[in-house]
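Notes for the one structure printed next.
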Amino acid sequence: MEQTNVELIFNWLDKTTENVQQTKNETFLDSLVITLEMLFEKDVPEGFDDIAKHKLNQLLSEINVSDFLHEEIRKGISLAILKGMKGSTQQQHLMTPDTVSLIVSYVANKLLASQKEVALFDPASGTGNLLTAVMNQLDKDVAAYAAEVDPTLIGLAVLNANLQEKEVEFFHQDSLRPFLMEPVDIVISDLPVGYYPDDISANDYELRADEGHSYSHHLFIEQSLTYMKEGAYFIGVVPEFLFDSDQSDKLHAFLQKHAHIVGVIRLPESAFKSKQQAKSILILQKKGEATSDPKQPLLVQMPSFKNAHAMADILKKMDQWFASYPKGINSK
């Protein structure tokens, strides 16, 4: 059976990364960073003996990245990253599923239909999978920004973007610290869930906890709104329990003051390992002089992603909702 291009890329990355891993004695993800850098530079870096270098040069001669579409490259890399994450014990080493990325892309395109140019920011970009998936689907000029604190993940993200020929300005820093960045038109992010350990930095936020650690997913929402233009949009993959937690009253009050809730898309529980890990997509618009609450927010329960008929039905209803919603951040 003939391999697809995505399978070809994944199999090459897998084989080459395992070769790097044997020589370097690093984790699969750290070895994948070296492999992606080698693929981008079309050269074997220093630090390999002659036998390993000969083998890696042989592998490099078997692939030409320019033969593949950007989406094929992204999907091939994402499969390799997923393999590496299976062996990782670090909680932050997780990746947004492609089906969720496509829904985020769909919503972004609908909200920004009238915009020819878009400034986009992902404050918790991880491996860059969600960011580049959305960039590949947006049919407009995109100025992209992303932040990530984890050195392995940002290394993967930079090379992921480079191999897809995407211009992204990356910030390697704690995303809840201040940025040197102009406000953007849209923020998309799969928010980290849990407690933020830096109570001193959290003290600068309205959504800080009254006592104990603050929720990082709450602070990320506030940070996102800080770096958005008036009327700009936030599309966040958030925990299902976002509005049912012990600090949710404060979040409700904050959103009422600073944002319009455009909609909530509940993702199917079947897409997650357990009910506790279930997520939704929260859509906000930052308040401004020309903005107002939608007449009726978009409230959707997504069916199983495997149910094509039900998915088509839901997307048709969402199309109808967006047809009556103003397009672009300056349209009201």
Is it true that [Y] and [X] share a donor-acceptor pair across their side chains at a distance under 3.5 Å?
| X | Y | answer |
| --- | --- | --- |
| S304 | N307 | no |
| T35 | T17 | yes |
| Y205 | Q223 | yes |
| K42 | N64 | no |

Does Y325 have K295 sitting over its ring (NZ/CZ under 6.0 Å from centre, angle to axis within 45°)?
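Output no; distance or angle outside limits.
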Near-ring test Y196/Y215, centroid separation under 6.0 angstrom
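Aromatic pair excluded; centres sit 6.0 Å or further apart.
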Looking only at the aromatic ring of each residue, does the gap between the centers of F121 and F179 stay below 6.0 angstrom?
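Yes.
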Option among N136, T132, N160 that satisfies the side-chain hydrogen bond (donor to acceptor under 3.5 Å, both in side chains) test with K166
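Checked N136, T132, N160 against K166; only one passes side-chain hydrogen bond (donor to acceptor under 3.5 Å, both in side chains): N136.
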Kindly give the heavy-atom pair with the smallest separation between I186 and A108, and that separation in Å.
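Closest approach of I186 to A108: CD1-CB, 3.9 Å.
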Contact summary for K140 and N109, nearest pair of heavy atoms
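The pair with the smallest heavy-atom distance is CE-OD1, 4.3 Å.
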[X] [atom1]: over 12 foreign heavy atoms closer than 6.0 Å:
| X | atom1 | result |
| --- | --- | --- |
| Q256 | CD | no |
| E289 | CD | no |
| E206 | CD | yes |
| D50 | CG | no |
| N25 | CG | no |

Taking the side chain as every heavy atom from C-beta outward, state whether L284 and L255 have any atom pair closer than 4.5 Å.
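Touching, per the 4.5 Å side-chain cut-off.
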Residues forming a ring pair (Phe, Tyr, Trp, His ring centres under 6.0 Å) with H252, sequence neighbours excluded:
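H252 satisfies ring pair (Phe, Tyr, Trp, His ring centres under 6.0 Å) with F243 once adjacent residues are dropped.
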Output yes when [X] and [Y] qualify as a salt bridge under the 4.0 Å nitrogen-oxygen rule, no when they do not.
| X | Y | answer |
| --- | --- | --- |
| K116 | D141 | no |
| E71 | R74 | yes |
| D199 | R208 | no |

So how far is it from E167 CD to M135 CE, rounded to the nearest 0.5 Å?
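These two atoms lie 8.5 Å from each other.
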Working to the nearest 0.5 Å, report the span between CD1 of I261 and CD of Q285.
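It is 12.5 Å, given to the nearest 0.5 Å.
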Residue from L282, V100, I188 passing side-chain contact (heavy atoms from CB on, under 4.5 Å) with V237:
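It is V100, the one option of L282, V100, I188 that forms the side-chain contact (heavy atoms from CB on, under 4.5 Å) with V237.
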Knowing that exactly one of N19, V44, V20 qualifies, which makes a side-chain contact (heavy atoms from CB on, under 4.5 Å) with L59?
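Running side-chain contact (heavy atoms from CB on, under 4.5 Å) over N19, V44, V20 with L59 returns exactly one hit, N19.
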Residues V187, Y227; criterion side-chain contact (heavy atoms from CB on, under 4.5 Å); working and verdict:
CA-CA 9 Å; V187 170; Y227 289 94; 5.8 Å; no
